**Q** 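A single structure is presented below for examination.
No experiment lies behind these values; they were computed from the predicted model shown. Below, each value reflects all heavy atoms present in this structure, side chains not excepted, and no hydrogens, waters or symmetry copies.
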Amino acid sequence: GRVSPVQTQPNPQSVSGIGVVVLQSLPGLGYRTGWLRPMQKAPLDSLKRIGAFSVRNQSLLVEISPVSGNITRLTQLAPKKEWIPIKTESARFRIDYESPHPASAWDIGPIEKTEWLDKAERVECIEEGPVRIVFRAFYKHGQSVLEKDIILYRDLSRLDFGVRVDWREHGSSSAPAPMLRIEFPCAMNSAKAIHLIPFGEIDRPQDGTDYAASYGMGLDGREGSVCLLNNSKSGYSCTNNTIRLTLLRSPYFPDALPDVGRHTIPLALEISSKKWSHAAMARRGLEFNRRPIAISVAPHDGKFPTEQSFFSIEPQTVLLTALKASYDSPTNLVLRIYQSANQPVKVKVNTSLPFKKWIETDLIERPSQESANPDSLSLKRWEIKTYQFTPESRRDRLP
């Protein structure tokens with residue numbers, strides 16, 4: 001009986017499909033069967049424009065400058081919180097110019113000057129429907145063309161962005177080389193900068209240096225937490241509670257044209273009134289990088305239920321990173337999890353698959369002598385653990 005509206009796209013013949021939909025609470029490592037049908041009535045009016053360049057859903061209110069194409073207001077509605085400092089703009093493109101320096105492909109040089117792209121060629125609403133509202137800003141810099149989409153979904157409490165760049169800038173050993181960044185000032189005090197890294201997270205100083213992060217970096221403070229997610233970039237920096245992500249550069253050695261060309265960079269700004277340790281930002285980052293797959297099939301009878309989860313993990317701060325056949329015993333399955341937060345936790349693994357026994361193994365799947373209880377596993381902060389389970393019979397396999 002759950003209904004999710006589908007917003008049709010301008011070109012239904014495109015390879016991306018006929019439309020976009022948000023499916024809430026999908027079964028963990030499983031599937032759900034649904035039916036695509038004509039909508040009988042309009043969905044609840046929880047997503048709407050409240051001005052030419054303002055939009056809100058149940059969680060957020062967003063205002064966009066028609067001049068710069070930047071965000072001038074970002075309000076969390078419950079509990080109410082302004083996330084952008086007064087008289088400040090967010091989601092702002094900046095061009096930093098690096099001084100010529102050796103090994104420019106590997107090292108970021110001293111910044112000689114900065115330009116902000118605060119004058120858009122035009123800003124317009126390009127999409128408005130029951131699922132999302134999209135504003136697009138167009139920019140030019142040198143020989144490059146840039147587009148920035150600001151996207152608010154009806155059923156998501158985050159703000160999404162789509163960046164498309166045709167980058168035509170060149171670096172050289174005789175002149176400063178331009179690099180493209182995007183920045184998000186946050187109305188926070190005494191916040192910690194936290195970088196998501198493989199199998200954990202790390203606090204790093206707000207000193208303006210680019211530090212590596214796997215798929216997100218954010219701030220944790222008394223006001224709550226915020227995290228900028230992406231699926232293709234890794235250089236984050238921060239100063240004065242302003243998050244920056246390096247998008248493109250113009251190094252000249254050893255490759256003179258490494259970033260020249262067309263780029264598509266999806267981003268999302270996750271906002272929570274909870275502290276970082278309870279906001280499950282690592283899970284949000286993993287979800288942003290592991291989108292569900294939709295398969296269109298003709299109606300038919302099947303032997304499986306219409307909805308099923310093969311594995312799910314509680315609580316949300318614990319992430320599953322591997323599920324595979326055992327190397328030594330292919331009829332057994334191996335599962336690897338880790339605690340992404342800075343605190344110990346009790347873990348419950350839910351599975352619909354039949355199993356005989358669970359045992360803990362090391363990272364190369366050598367089993368211990370003690371059995372494990374999937375209803376009550378213990379993880380320390382950032383701890384990685386690997387488990388092997390044996391099905392009830394050799395015929396019990398993943399479908």
**Q** Does some side-chain heavy atom of L333 sit less than 4.5 Å from a side-chain heavy atom of F355?
**A**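 No - every pair of side-chain heavy atoms lies 4.5 Å or more apart.
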**Q** Kindly indicate whether the side chain of R244, heavy atoms from C-beta on, has any atom under 4.5 Å from the side chain of C238.
**A**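 No, every pair of side-chain atoms sits at 4.5 Å or beyond.
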**Q** With a 4.5 Å cut-off on side-chain heavy atoms, are V260 and H170 touching?
**A**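 Yes. Closest side-chain heavy atoms under 4.5 Å.
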**Q** Is it true that F161 and F184 have ring centroids separated by less than 6.0 Å?
**A**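 Judged by ring-centre distance (under 6.0 Å), F161 and F184 do meet the cut-off.
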**Q** Is the CG atom of D107 crowded by more than 12 outside heavy atoms at less than 6.0 Å?
**A**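 Counting neighbours around CG of D107, more than 12 heavy atoms of other residues, nucleotides or ligands fall under 6.0 Å, so yes.
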**Q** Transitively linked via ILVMFWY side-chain contacts under 4.5 Å: V345 with L335?
**A**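 Yes, it is one cluster - the side chains of V345 and L335 are joined through contacts under 4.5 Å.
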**Q** Drop me the distance from S250's OG to E169's CD, to the nearest 0.5 angstrom.
**A**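 If we round to the nearest 0.5 Å, S250:OG and E169:CD are 6.0 Å apart.
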**Q** Nearest 0.5 Å please: distance from the CD1 atom of I243 over to the SG atom of C186.
**A**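 Result: 4.0 Å between the selected atoms.
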**Q** Does L156 belong to the same Ile/Leu/Val/Met/Phe/Trp/Tyr cluster as I150, with side-chain heavy atoms less than 4.5 Å apart forming each link?
**A**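 Cluster IDs for L156 and I150 differ.
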**Q** Rounded to the nearest 0.5 Å, what separates atom CG in L180 from atom CG in D96?
**A**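 The distance works out to 9.5 Å.
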**Q** Would you say Q206's side chain and A191's backbone share a donor-acceptor pair under 3.5 angstrom?
**A**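 The answer is yes, because a donor-acceptor pair under 3.5 Å joins these two groups.
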**Q** Do T361 and Q388 pair up side chain to side chain, a donor and an acceptor below 3.5 Å, judged on atom types alone?
**A**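 Side-chain D/A pair, T361 to Q388: absent.
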**Q** Are F135 and I151 grouped together when hydrophobic residues (ILVMFWY) are joined by side-chain heavy atoms under 4.5 angstrom apart?
**A**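 Different clusters: F135 never reaches I151 through Ile, Leu, Val, Met, Phe, Trp or Tyr contacts under 4.5 Å.
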**Q** Going through the distances and angles, do S104 and E98 end up as a side chain to side chain donor-acceptor pair (under 3.5 Å)?
**A** CA-CA 9 Å; S104 61; E98 301 177 58; over 6 Å; no
**Q** Could you give the distance from CH2 (W358) to CG (L377), rounded to the nearest 0.5 Å?
**A**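 Those atoms lie 7.0 Å apart.
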**Q** Does L152 share a hydrophobic cluster with L61, counting links as ILVMFWY side-chain heavy atoms below 4.5 Å and allowing steps through other members?
**A**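 Hydrophobic grouping puts L152 apart from L61.
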**Q** side-chain contact (heavy atoms from CB on, under 4.5 Å), that's the test. Do Y387 and I337 meet it? Break it down for me.
**A** CA-CA 8 Å; Y387 297 94; I337 58 177; 4.1 Å; yes
**Q** For residues H101 and Y252, report the shortest heavy-atom separation together with the two atoms involved.
**A**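 That closest heavy-atom pairing would be O-OH, 2.8 Å.
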**Q** Is there a donor-acceptor contact under 3.5 Å from the side chain of K148 to the main chain of A91?
**A**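 Yes; judged by distance alone, with no hydrogens or angles, the pair exists.
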**Q** Flag this pair as yes if the NZ/CZ of R290 is under 6.0 angstrom from the six-membered ring centre of F288 and inside a 45 degree cone about the axis; otherwise no.
**A**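 R290 over F288 ring: no.
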**Q** Counting heavy atoms not belonging to Q24, are there more than 12 under 6.0 Å from its CD?
**A**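 Yes.
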**Q** How far does CZ of R164 sit from CD of E147, to the nearest 0.5 angstrom?
**A**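 Taking CZ in R164 and CD in E147, the distance rounds to 4.5 Å.
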**Q** Is it true that the side chains of S68 and K119 contain a donor and an acceptor less than 3.5 Å apart?
**A**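 Absent: no donor and acceptor within the cut-off.
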**Q** I'd like to know if E287 and R158 make a salt bridge, using a cut-off of under 4.0 Å between side-chain N and carboxylate O.
**A**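 Salt bridge flag = no for R158 with E287.
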**Q** Any idea how F93 and Y139 line up, ring-wise: parallel (<30°), tilted (30 to 60°), or perpendicular (>60°)?
**A**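 Rings of F93 and Y139: perpendicular, as their planes differ by over 60°.
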**Q** Return each pair, listed once, that meets ring pair (Phe, Tyr, Trp, His ring centres under 6.0 Å) where at least one residue sits in residues 34-58; pairs must be two or more places apart or across chains.
**A**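 Qualifying pairs: none.
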**Q** Regarding Q76 and S59, do their side chains bring together a donor and an acceptor under 3.5 Å, going by distance alone?
**A**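 Looking only at side-chain atoms, S59 and Q76 do not form any donor-acceptor pair under 3.5 Å.
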**Q** Distance check, rounded to the nearest 0.5 Å: K48 atom NZ versus E128 atom CD?
**A**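 Between atom NZ of K48 and atom CD of E128 there are 12.0 Å.
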**Q** Name the residue from T209, N230, D210 that meets the side chain to side chain donor-acceptor pair (under 3.5 Å) definition with Y236.
**A**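 The passing option is N230.
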**Q** Classify the angle between the aromatic ring planes of F389 and F311 as parallel (below 30°), tilted (30 to 60°) or perpendicular (above 60°).
**A**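 Correct class here is tilted.
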**Q** Less than 4.5 Å apart, any side-chain heavy atom of I271 and any of L159?
**A**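 SC-SC contact between I271 and L159 ruled out.
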**Q** Quick one: do R132 and D149 make a salt bridge, cutoff under 4.0 Å?
**A**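 Salt bridge flag = no for D149 with R132.
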**Q** R336 and T386: side-chain donor and acceptor closer than 3.5 Å?
**A**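 There is such a pair (donor and acceptor under 3.5 Å, judged by atom type) between the side chains of R336 and T386.
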**Q** Give a yes or no on whether a salt bridge exists between K324 and E365, defined as a side-chain N under 4.0 angstrom from a carboxylate O.
**A**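 Looking at K324 and E365, the cut-off is met.
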**Q** Just wondering, do P254 and W106 contact through their side chains at under 4.5 Å, heavy atoms?
**A**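 W106 reaches P254 side chain to side chain.
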**Q** Does any part of the side chain of S65, heavy atoms only, come nearer than 4.5 Å to the side chain of V123, both counted from C-beta?
**A**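 Side chain of V123 against side chain of S65, heavy atoms only: no contact under 4.5 Å found.
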**Q** Start with the C-alpha gap between R73 and T75, add the side-chain angles, then the distance that decides, and say whether side chain to side chain donor-acceptor pair (under 3.5 Å) holds.
**A** CA-CA 6 Å; R73 183 181 180 189; T75 306; 2.9 Å; yes
**Q** Among the clusters formed by ILVMFWY side chains lying less than 4.5 Å apart, do W83 and W276 turn up in the same one?
**A**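 No, because W83 and W276 fall into different hydrophobic clusters, even though each may have its own neighbours under 4.5 Å.
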